Amino acid sequence: MTLEDNKAVVRRFIEDVFVAGREDTADELLAPDFTPHTWASVEPGTESFKHTMRRMAQTLSDVQMTIEDVIAEDDRVAVRLTSSAVPTGDFMGVAAAGKPYSIPEIHVFRVRDGRIAEHWHVADLLTMMRQLGALPEPARRRA
């Protein structure tokens with residue numbers, strides 16, 4: 001597979017799986033031994049990932065991910081994106097308040113034979129918690 005093929009797999013995964021929640025696409029695009037390195041509650045394999053997808057779909061609405069950059073080298077694809085959603089149920093220990101959030105995220109995928117074999121993820125959770133009202137905004141400095 002070419003670098004462009006790998007980038008297309010990742011773009012499709014983000015749109016069809018992360019945003020639209022399509023389990024059939026997850027089955028198609030995840031390697032059977034898929035390993036998520038960031039989410040402690042998600043075990044390797046596709047079933048644990050799909051269980052987490054279903055749980056998130058019950059908790060979030062209006063999910064959007066706007067891809068800002070996609071960079072590929074060898075079998076890795078890095079994506080910088082902005083994600084937004086509205087928690088409609090308890091989310092990350094915060095009671096649903098119907099407040100939207102919008103945060104930057106970085107995702108790194110390892111693609112093997114046209115399927116996603118590994119995933120790493122970093123998100124600005126501090127900003128998200130502030131937007132959801134779970135943490136106070138930082139004090140403003142006076143000049």
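Because the structure is predicted, anything quoted here is derived from the model rather than measured.
Of the candidates V111, L30, T25, L30 is the only one forming a side-chain contact (heavy atoms from CB on, under 4.5 Å) with F13.
Taking the six-membered ring for Trp and thresholds of 30 and 60 degrees, F18 and F49 have ring planes inclined between 30 and 60 degrees apart.
No continuous path of ILVMFWY side-chain contacts below 4.5 Å connects W120 to F109, so the two sit in separate hydrophobic clusters. Clustering ILVMFWY residues whenever any of their side-chain heavy atoms sit less than 4.5 angstrom apart, transitively, puts V86 in a cluster other than the one holding L81. Transitive grouping of hydrophobic side chains (ILVMFWY, heavy atoms separated by less than 4.5 Å) brings V17 and V19 into a common cluster. Tracing side-chain contacts under 4.5 Å through hydrophobic residues (I, L, V, M, F, W, Y), one never reaches V77 starting from I106; they form parts of separate clusters. Under the 4.5 Å side-chain heavy-atom criterion for grouping Ile, Leu, Val, Met, Phe, Trp and Tyr, L126 is connected to L132 within one hydrophobic cluster.
Ion pairing between R22 and E15 fails under the 4.0 Å rule for side-chain N and carboxylate O. Ion pair E73/R76 not flagged as a salt bridge, since none of the NZ, NE, NH1 or NH2 atoms sits closer than 4.0 Å to an Asp/Glu carboxylate oxygen. With salt bridges taken as basic N to acidic carboxylate O contacts below 4.0 Å, one links R112 and D33.
Interatomic distance, D124 CG to M129 CE, rounded to the nearest 0.5 Å: 11.0 Å. Rounding to the nearest 0.5 angstrom, the gap separating the CG atom in L125 from the OH atom in Y101 is 9.0 Å. Here the NZ-CZ distance, from K50 to R54, works out to 6.5 Å after rounding to the nearest 0.5 Å.
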When you look at Q131 and S102, which way does the side-chain hydrogen bond (donor to acceptor under 3.5 Å, both in side chains) test go after all the steps? CA-CA 8 Å; Q131 290 174 5; S102 179; 5.7 Å; no
Verdict with reasoning, V70 to R11, per side-chain contact (heavy atoms from CB on, under 4.5 Å): CA-CA 9 Å; V70 180; R11 284 180 186 276; 3.4 Å; yes
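Put simply, the side chain of I67 reaches to within 4.5 Å of the side chain of I14, judged on heavy atoms. Annotation: side chain of E118 is not in contact with side chain of V108 (no heavy-atom distance under 4.5 Å). Taking 4.5 Å as the limit, every side-chain heavy atom of T38 sits out of range of all side-chain heavy atoms of V122. You'll find the side chain of P36 reaches within 4.5 Å of the side chain of F34, heavy atoms only.
Looking only at atom types and distance, the side chain of E105 has a donor-acceptor partner in the side chain of S83 under 3.5 Å away.
One N or O on the side chain of T88 and one on the backbone of T59 form a donor-acceptor pair closer than 3.5 Å. Between the side chain of N6 and the backbone N or O of L3 there is no donor-acceptor pair closer than 3.5 Å. Not a single donor-acceptor pair under 3.5 Å links the side chain of R12 to the backbone N or O of L29. R110 places no side-chain N or O within 3.5 Å of a backbone atom of H119 that could act as its donor or acceptor partner.
The shortest non-hydrogen separation linking T46 to A31 is CG2-O, 3.7 Å. Looking at every heavy atom in both residues, P87 comes nearest to L60 through CA-CD2, 3.8 Å. Nearest heavy-atom pair, E23 versus M53, reported as atom, atom and distance to 0.1 Å: CG-CE, 4.0 Å.
In D113, the CG atom is not crowded: 12 or fewer heavy atoms of neighbouring residues, nucleotides or ligands sit closer than 6.0 Å. More than 12 heavy-atom neighbours from other residues, nucleotides or ligands sit within 6.0 angstrom of NE2 on H121.
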